[in-house]
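This report concerns only the one structure given below.
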Amino acid sequence: MAPEGAAIDIVVKNAKPWRDGEARDLYIADGRFVTPPGSGDSGGAEVIDAAGRLCVAGFVEPHIHLDKALINEDVRPNVSGTLDEAIEIIWERKRVYEVGEIAERAGRVIRSALANGVTRIRSHVDIDNIGGLRPLEGVAEARRRHSDVIDIQIVAFPQEGILKNGGTEELMWQAMEAGADVVGGMPFNEKHPQDSARHISIAFEIAMKYDADIDMHVDETDDVGARTLEMLAQQTIEHGWQGRVTAGHTCALAGYPEDYANAVIALVREAEIHMITNPATNLMLQGRLDAQPKRRGITRVKELLAEGINVSFGQDCVKDTFYPFGRVDPLEVGLIAAHAAHMSMPQEIEQVFDMQTRAAARVMRLGDYGFAPGCAADLVILDAANAAEALTKQATRSVVIKNGRVIVENEARRAWR
Ligand SMILES: [Zn+2]
């Protein structure tokens with residue numbers, strides 16, 4: 001926290017903080033929000049007029065793959081459009097991964113995110129016997145280069161399976177030693193359900209050794225026989241890791257019979273698992289082999305929210321073999337999420353806005369997120385009065401502040417002739 005009486009660096013006038021009271025002036029000193037000073041204490045401060053517009057404490061991107069981003073230009077296209085083919089195509093590319101080019105691609109995506117108002121990112125990086133630790137090293141290098149403008153958590157992600165892909169368990173331990181923050185997983189990508197359970201057990205062994213959170217890709221499949229969300233929830237409770245585990249995708253949950261779906265959701269709630277849906281990617285990948293009507297491809301967002309479970313969403317993929325678009329813009333993904341999850345009521349649209357801000361901050365367990373005195377001074381002024389307008393207009397991020405420094409100013413210009 002900034003010391004009492006520290007000189008004010010920035011005053012943001014008439015800001016309307018998302019879900020945090022009425023429009024007011026916000027004060028920033030030494031990279032933190034601070035309580036309003038007595039009169040005359042902010043003489044040298046930069047003054048920014050938010051003019052009553054909506055402000056967020058930075059957008060939070062809780063699920064992305066920076067190591068794979070932007071590779072779609074140098075690999076063959078995904079003809080079937082399925083997850084399986086997307087993974088196979090990457091094998092070829094991964095063999096020739098180099099740390100420098102991964103860092104360069106990741107850096108471009110990080111700067112795109114920042115320009116869109118994203119000030120915190122959680123990125124998965126592949127850990128397997130094809131690319132080894134190079135994806136981790138490349139993204140860690142990009143993180144180092146951008147460490148003063150964005151916060152990045154790295155998840156060690158065994159996409160090829162842990163038991164199925166020889167040597168991956170050892171690489172997972174090495175990845176944590178080499179700077180990964182969070183233990184990842186993809187338990188459905190094993191040969192047998194017993195191996196899926198073992199995959200999850202190994203992740204917990206590693207997480208407990210490093211006192212780390214867990215964030216897995218769970219049941220990203222149209223196969224309604226997939227049962228790894230239940231396994232993950234059970235093991236979370238057994239290991240006492242409630243509140244520290246995140247499940248991404250969980251597409252199969254949408255297709256379960258109602259009784260089983262309700263039982264799993266109750267278990268997810270008991271395990272305090274954070275859920276992340278990735279609507280852009282999964283609308284693109286899922287249901288490819290369905291006859292009409294084709295499934296929507298995303299998890300049971302509204303049912304999870306109705307049970308009080310923390311639900312967020314992520315960009316997931318940026319121009320890779322899984323998804324050909326993406327620019328890490330939470331307003332773009334939010335608009336897609338609203339469509340995919342049927343979130344059209346005023347309060348549901350506000351929930352969508354929460355998913356890319358406060359809910360995502362809970363996923364990443366950010367202790368210094370928000371506008372309260374002492375929180376990191378991340379702030380984005382949106383050219384919109386409220387959440388619905390921001391999503392509708394895909395509002396310009398007029399000012400992006402990270403840790404008390406103005407990083408980006410954006411301007412929309414239109415000239416009628
Ligand atoms: Zn993913």
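Indexing begins at 1, ligand by ligand and atom by atom, following the structure's order. Every heavy atom of this structure was used, including side-chain atoms; hydrogens, water molecules and symmetry mates were not.
Note on ring orientation: taking the six-membered ring where Trp is involved, the planes of H249 and H63 are perpendicular (angle over 60°, cut-offs 30° and 60°).
The CD atom of E141 sits 11.5 Å away from the CG atom of L136 when rounded to the nearest 0.5 Å.
Because its NZ or CZ atom is both nearer than 6.0 Å to the ring centre of Y260 and within 45° of the ring axis, R227 counts as a cation-pi partner of that residue.
Annotation: protein N, O or S atoms under 2.8 Å of the Zn ion (ligand 1) (waters excluded) comprise H63 NE2, H65 NE2, H217 NE2, D316 OD1.
Residues H217 and H65 place their aromatic rings such that the two centres sit under 6.0 Å apart.
With no hydrogens or angles considered, a side-chain donor-acceptor pair links S201 and Q235 at under 3.5 Å.
If you run salt bridge (charged side-chain N to carboxylate O under 4.0 Å, His left out) between R143 and each of D67, D181, D148, only D181 comes through.
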